[in-house]
Asks: 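Take this structure first; my questions come after.
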2 protein chains.
Amino acid sequence: MIELMKILSEETRGTRERILLSAEALFAERGFEVVSLREITGAAGANVAAVNYHFGSKEKLIDAVVTRHLTPVNEERLSQLDRLEKQFFRTPIPVEEILKAFLSPVLQHIASGEMSEDLFKKFMGRLIGERGYSLPTSACSLFAVMAARFAAAFQRAVPQLNEESALWRMHFSFGVMAHTLTNGDTLRQLSDGRSGNPSTETLLVNIIDFCRAGIEFEGREL
Amino acid sequence: MIELMKILSEETRGTRERILLSAEALFAERGFEVVSLREITGAAGANVAAVNYHFGSKEKLIDAVVTRHLTPVNEERLSQLDRLEKQFFRTPIPVEEILKAFLSPVLQHIASGEMSEDLFKKFMGRLIGERGYSLPTSACSLFAVMAARFAAAFQRAVPQLNEESALWRMHFSFGVMAHTLTNGDTLRQLSDGRSGNPSTETLLVNIIDFCRAGIEFEGREL
DNA sequence: TTCCGTTTTAAGCATATGATTGAATTGATG
DNA sequence: CATCAATTCAATCATATGCTTAAAACGGAA
């Protein structure tokens with residue numbers, strides 16, 4: 001939150017931008033539904049009415065915040081998947097590569113420095129895990145379209161599995177990502193710091209390894 | 001929700017019990033923070049003041065709802081873990097057995113029929129995944145104590161891994177469980193029903209297999 | 001029936017929420 | 001400087017929230 005203050009104090013940013021930054025941070029930390037406009041505008045040093053002037057409503061603000069980060073990440077995901085599908089023409093794409101195509105765009109976006117690393121992880125985690133009520137429908141369908149493409153890729157990647165099992169193992173993987181990205185610091189508290197302080201890159205590599213093992217193992221199916 | 005109506009319409013249940021049932025259902029479906037007392041009492045056919053009369057406050061109601069289901073499940077988890085630790089005295093407990101000790105009490109509680117199966121899954125998923133803000137501290141520490149025991153068990157179960165990796169892989173597993181239990185029906189929507197309709201038992205077996213593979217594989221560590 | 005503790009109820013409290021208004025303020029252009 | 005559109009602001013609206021209160025309704029014991 002100190003990080004946020006530093007960014008917001010730069011007078012160069014307009015009200016619209018400051019609201020977006022505050023909203024991102026608060027949404028990432030506590031979720032979309034529970035954060036009020038007054039908290040957002042308070043943190044942004046703006047008037048409450050500014051949200052409705054610049055965005056129209058709270059829902060449209062959420063939409064703007066989500067779209068602005070999810071769109072580029074999603075496009076990069078799909079572009080990497082396209083590349084893989086061309087590269088592995090008619091042969092199964094390695095599971096690890098698909099998982100990388102899903103997660104590495106998050107790393108790239110972090111590197112671009114648009115949001116603090118910690119906040120962006122939590123934000124992206126929510127976009128994977130929070131469906132239905134709290135997210136605007138536009139954001140949901142944005143994710144759904146992308147997820148459908150990945151579902152197809154996963155199924156081709158594990159031809160020994162039936163359709164159901166492949167889908168569920170993808171779902172399991174999304175759970176790992178959502179929970180780890182959003183609640184990563186929970187483990188630190190819970191383990192009294194014995195979980196160390198791995199870099200995001202290290203963490204994502206370990207998530208990928210975990211999911212790859214879970215997806216590829218052969219055993220009981222659904 | 002039709003299920004709920006049936007239960008609530010039975011005149012045998014007192015106001016306190018009807019409030020508990022409504023609250024459980026709404027919390028499971030939409031989370032603790034966003035459900036209002038008026039929604040709860042409305043669904044229960046009770047007066048708003050009844051919550052404060054019977055429970056004291058919204059927080060204490062959440063506490064009552066959480067405790068009443070988490071306590072027995074947690075105790076069963078710990079008792080199964082105790083049994084395993086005696087059975088595998090000074091030898092590593094198989095990872096699959098630890099995962100079973102964590103998840104099978106959920107199945108048992110479902111079998112007891114205290115809550116509809118669908119709702120109870122979502123409820124237990126939230127108790128694994130939602131930490132911090134939305135949950136009362138008592139529920140958090142209840143979970144934390146249990147998780148600490150399981151963390152120790154997981155570490156002994158995979159002596160080839162360093163402490164950090166073991167903890168993170170446990171955390172990954174919790175993510176799978178939380179997401180699948182709470183958002184299981186999301187996959188059905190997202191996949192147009194191609195994910196089938198597995199029984200809870202089948203689903204939990206597959207979660208266990210997935211996590212076991214993810215925890216046991218040997219490769220890059222943190 | 002009367003009595004009395006338990007429970008339920010309607011009404012209200014203080015505060016919070018998303019949204020709107022119309023008046024100020026700003027800042028660039030003529 | 002004056003003009004004018006874009007922006008910001010305080011004030012306000014209708015509604016929702018958690019909680020409290022005091023009166024009413026209930027139900028068993030005397």
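Quick note on labels: first sequence line is chain A, next is B, and so on, each numbered from 1.
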Asks: So if I define the base as every atom that isn't primed, P, OP1 or OP2, how would nucleotides 14-29 of chain D read as a B/S/- string at a heavy-atom cutoff under 4.0 Å?
Replies: ---BBBBB--------
Asks: Considering only residues two or more places apart or on different chains, which pairs with a residue in residues 60-83 of chain A satisfy ring-ring contact (aromatic ring centres under 6.0 Å, His included)?
Replies: A/H69-A/H109, A/H69-A/F120, A/H69-A/F123
Asks: Rounded to whole angstrom units, what separation is found between the CD1 atom of B/I19 and the C1' atom of C/dT7?
Replies: 11 Å
Asks: Do other residues, nucleotides or ligands put more than 12 heavy atoms under 6.0 Å from A/E59 CD?
Replies: no
Asks: Give a yes or no on whether B/E39 atom CD has more than 12 heavy-atom contacts from other residues, nucleotides or ligands under 6.0 Å away.
Replies: yes
Asks: May I have the distance from A/Y53 (atom OH) to D/dC9 (atom C1'), rounded to whole angstrom?
Replies: 13 Å
Asks: Figure out the NE2/P separation between B/H54 and C/dT7, and round it to whole Å.
Replies: 6 Å
Asks: So, A/S191 side chain and A/S195 main chain: donor-acceptor pair closer than 3.5 Å or not?
Replies: yes
Asks: Output yes when B/E24 and B/R30 qualify as a salt bridge under the 4.0 Å nitrogen-oxygen rule, no when they do not.
Replies: no
Asks: Do the side chains of A/E164 and A/R169 get close enough for a salt bridge, i.e. N-O under 4.0 angstrom?
Replies: no
Asks: Would you mind reading off the distance between A/R16 atom CZ and D/dA6 atom P, rounded to a whole angstrom?
Replies: 15 Å
Asks: Please confirm whether the shortest side-chain N or O distance from A/T15 to OP1 or OP2 of D/dT8 is below 4.0 Å.
Replies: yes
